[in-house]
Amino acid sequence: MRPFYWVNMAKAKQKSTVIERAKKFFDRVVAYEAEQRKAEIDDIRFVGLLDQWPANIKQIREQDPQGARPCLVVDKVNQYKNQIVNNIRQNRAGIKVRPVDDSADIEVAEVYQGIVRHIEDRSKADIAYDWAAEGAVVSGLGYFRVLTEYVGDSFEQDIRIERIKNRFTVYFDDTSTEPDGSDAQQVIITELVDREVFKEMYPDANPCDWATATGDNQNKWVTEKEVRIAEYFYIERVKDELYQLEDGSAIYASEYAEKFTGQEALTVINQRPQTRKVVKWCKLTAEDELESTIIPGSFIPVIKVIGIETDIDGKSHYRGIVRGVKDAQRMYNYNRSTIAESLNLTVKAPFIGYTGQFKTSGDKWAAANRVNFAYLEADPVSVNGTLAPLPHRQGFAGVPSGLMADIQTSEHDIQASLGMYQASIGQDSDAKSGRALNAQRQQGDMATFHFPDNLAKSIRHAGRVIVEMIPKIYDTTRVVRILGEDGSTDYAKLDPASPQAVTKQPNERGEIEKIYNIGGKLFSLKRMPTEEELQRYLVGKSAEIYLMVYKIGEMEGNWVHSVFAPNGNVSAPSKSTTSAKKAAPKPASGFDDMDDDIPF
C-alpha cells in the first residue's frame, strides 16, 4: 500500500502546484489588465448600449430642479464601425497551406488545405473570426480558440474553431508580445456552469470562492445557481534528445519508438540535446483539478486579435475606433440636446401682459403651453386712460448660428479621428467622377486597413495551430472530407502506419451536402478594381494589345472580343474561363489577396 500512497501524494502535490501556479498567474493578469478592461467596457457600452453621456453630467441634467433637461444620443459612430466590420466580412481572410521546402509533398499540402477548409466550414469559423474582429474594432481586443471534440460514440476526434463570446473571460499572458498571441505561455478562460450540472459532472469537487476581474460577469466564482470553473493552459519545457534520421528528417527521442512501432525503424545518424515545449490543459476550481490533458502542438490554441496597440514603458495598451471619437461624439450629443432644449422652450415661453389681464381666465392662460385652446380671453386693462395691448409671447430668436457651426465641426472631428469621410460610408462628397469617388473610399479603407490586416495575421496563426494538430488528432486510419476552394467535396485517406500517410480518395460515396453560398456579391466587388485597371492601361492601345494577344495566344479570342467590346465596356474574365485566368491582371484591392500561407 505504501507505494500507492506515495504516488497519490505526489499527484496531489502536483495538482496543488498547478492550482497555485494558476492562481498566481490569474492575480498577476487581473492587476495588469485592470485599467485596460475598464476602458474596453466603457468603449463597448458607448457603441453597444449607446451609453454616451458621462454619468455625473447626465444625473445633473435629469435631476435639474427647474425640470429635466434632454440628454439626446444621436449616434454617429456605429455607421463607421459597421462599415469597417462589414468590409472585413465581405473580404474575409482564410487559411492557406503550402509546402515550405522540397521535402514537403505538394499533394499532401493540398490535402491539408482541404482538411483545414473543411474544419473552417464545419466549425462555422467565420462566426469566430467576425466576432473577434468586431471586438478588436470596437475596444481593441478579441479572441477565438481552436479545440478538439470526440466524434459521436467513438475515440476519434475532430478539430473545431470556436468563438469566445465574452472576451473578458479570457486572461491572456501579460508577457506575450506577439500581436497574434503566438508566444503566450499561460492563458485562463473562465465559464459559468449550472450548480446542479457541476455536481453531476464532478460529484467529489468542492465549489469554492475565487474573485474575478472587471467584465467577467460575476464578482465571485460561486453563486446560488452557478459555479465558475477555469480552463488553464500552460506550457512546460521538457528536456529531450533530437534525432536526425537517415532520410534527413528529425524526430524527438520520446517519439521515435512510437513512430516506428510495427515497422522498420530508420537509422539515427546524429543527435543533440533539445528542449521541447509541451502544451498542457486542465480544468480547475479554486481547490480542485477537475480534468487535465496534453494538447498536441507547440502553441496554446487561444488566438488573440488586436486593434490598435500602443507600448508605453513596456506595457501594451489596446484600443479600437471608439476611444478616439468619444469627445467629438459627446460634443455632438450636447449640441443637439441644447438645440432641442431651445426649440422646446419656444412653445413654453411665458405670456407677457399687464397685471389684471389674466384675472378671469387665469387657469386657461396657465395651461396654454400644454393645451391648444380654441381661443383665450384677456381682461381689458387701461394704462393712463389708454387700453393696454393684448398679452403676447416673446418671439424666438432662432438657433444660434455658432451652435449649428459647432455641430458640423463635431461631425467633422468624428470623421477626422477615424480617417473616414462621407464617401467611406456611401454619402455624397465633393468627388465628381467615379474614379475620384473610389479613390476617396480607398483612402477610408487604408485608414482602417490595420484591422483586417491584424485579423489576417491571427487567422494565419490559427492555421499553424491546426496544421500542427492534424497529424496528432487524426492519428488513426480514417477517411476525412476535404473541401475545395470552390466548395467542391473530396475525400482523403489518412493512414499514419502507411509509408504514404495521406492519399486522395475519389468521391464515390454519393453523399451531397447542401452548402448555401451567401458570398455571391464578393466576386463582383473584387472585379471592379480589375475593370478599372484594364481601363487605365488600355486607353489608346486597344489595337496593339488586341493583335499582341492573338499572336501570343495567352487568351481565348472570345474573351478578347468581350474585353474590346463595341460599347467600350471593359470586363475581367469570369472564373470559368480557364485559359484567360492566367492572363488576367491581379486585382489592386488590398483585401483581395489577404490569405496568408501557412508553411507545411
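We count residues from 1, following the sequence as given.
Ionic pairing of Glu226 and Arg195 is not present here: no N-O contact between side-chain nitrogen and carboxylate oxygen is shorter than 4.0 angstrom. Between Arg323 and Asp43, at least one side-chain nitrogen of the basic residue sits less than 4.0 Å from a carboxylate oxygen of the acidic one, meeting the salt-bridge criterion. Salt bridge Glu178/Lys457: absent, no basic N to carboxylate O contact under 4.0 Å.
A heavy-atom distance below 4.5 Å is not found between the side chains of Leu376 and Ser361. Put simply, the side chain of Ser410 does not reach to within 4.5 Å of the side chain of Arg330, judged on heavy atoms. You'll find the side chain of Ile119 stays beyond 4.5 Å of the side chain of Arg160, heavy atoms only. Contact annotation: the side chain of Asp413 never approaches that of Met331 to less than 4.5 Å [non-hydrogen atoms, C-beta and beyond]. Glu33 is not listed as a side-chain neighbour of Arg28, based on a closest heavy-atom distance of 4.5 Å or more. Within the 4.5 Å cutoff, the side chain of Tyr202 has heavy atoms near those of the Glu291 side chain.
In this structure, Lys124 fails the cation-pi test against Tyr129, since its NZ or CZ atom is not both closer than 6.0 Å to the six-membered ring centre and inside 45 degrees of the ring normal. Stacking of Arg37 on the aromatic ring of Tyr171 is recorded, both the 6.0 Å distance cut-off and the 45° axial limit being met. Geometrically, Lys283 does not engage Tyr232 in a cation-pi contact defined by less than 6.0 Å to the ring centre and at most 45° from the axis.
Atom CZ of Arg45 has 12 or fewer neighbouring heavy atoms from other residues, nucleotides or ligands inside a 6.0 Å radius. Counted within 6.0 Å of OH on Tyr334, heavy atoms from surrounding residues, nucleotides or ligands total 12 or fewer; the atom is thus considered open. For Glu35, the CD atom sits in a loose shell: 12 or fewer heavy atoms of surrounding residues, nucleotides or ligands are nearer than 6.0 Å. By the 6.0 Å contact criterion, CG on Asp363 is open, its count of non-hydrogen atoms from other residues, nucleotides or ligands being 12 or less. Residue-environment remark: NZ (Lys359) stays at or below the threshold of 12 foreign heavy atoms within 6.0 Å. In the displayed structure, Arg336 atom CZ is contacted under 6.0 Å by at most 12 heavy atoms of other residues, nucleotides or ligands.
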| query | What do the steps show when you test Arg92 against Asp130 for salt bridge (charged side-chain N to carboxylate O under 4.0 Å, His left out), and what is the final call? | reply | CA-CA 9 Å; Arg92 188 175 292 111; Asp130 295 344; 2.8 Å; yes
| said: Run Asp42 and Lys326 through salt bridge (charged side-chain N to carboxylate O under 4.0 Å, His left out) and show every step you take. | reply: CA-CA 10 Å; Asp42 192 59; Lys326 285 181 180 178; 2.4 Å; yes
| task | Any chance you could lay out the salt bridge (charged side-chain N to carboxylate O under 4.0 Å, His left out) test for Lys23 and Asp27, step after step, and finish with the verdict? | result | CA-CA 6 Å; Lys23 285 183 177 180; Asp27 291 339; over 6 Å; no
| message | Show, in sequence, the C-alpha distance, side-chain angles and deciding distance for Glu40 and Arg167, and conclude whether the salt bridge (charged side-chain N to carboxylate O under 4.0 Å, His left out) test is met. | response | CA-CA 10 Å; Glu40 286 186 60; Arg167 103 114 194 103; 2.7 Å; yes
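No close placement of the Phe351 and Phe358 rings is indicated, their centers lying 6.0 Å or farther apart.
Residue Leu290 forms a side-chain contact (heavy atoms from CB on, under 4.5 Å) with just one option from Leu284, Asp204, Thr285, and that option is Thr285.
For the residue pair Ser176 and Asp183, the shortest heavy atom distance occurs at OG-OD1, 2.6 Å.
Counted by atom type alone, Ser123 and Glu162 present zero donor-acceptor pairs between their side chains at under 3.5 Å. No side-chain N or O of Asn86 forms a donor-acceptor pair with one of Gln90 less than 3.5 Å apart.
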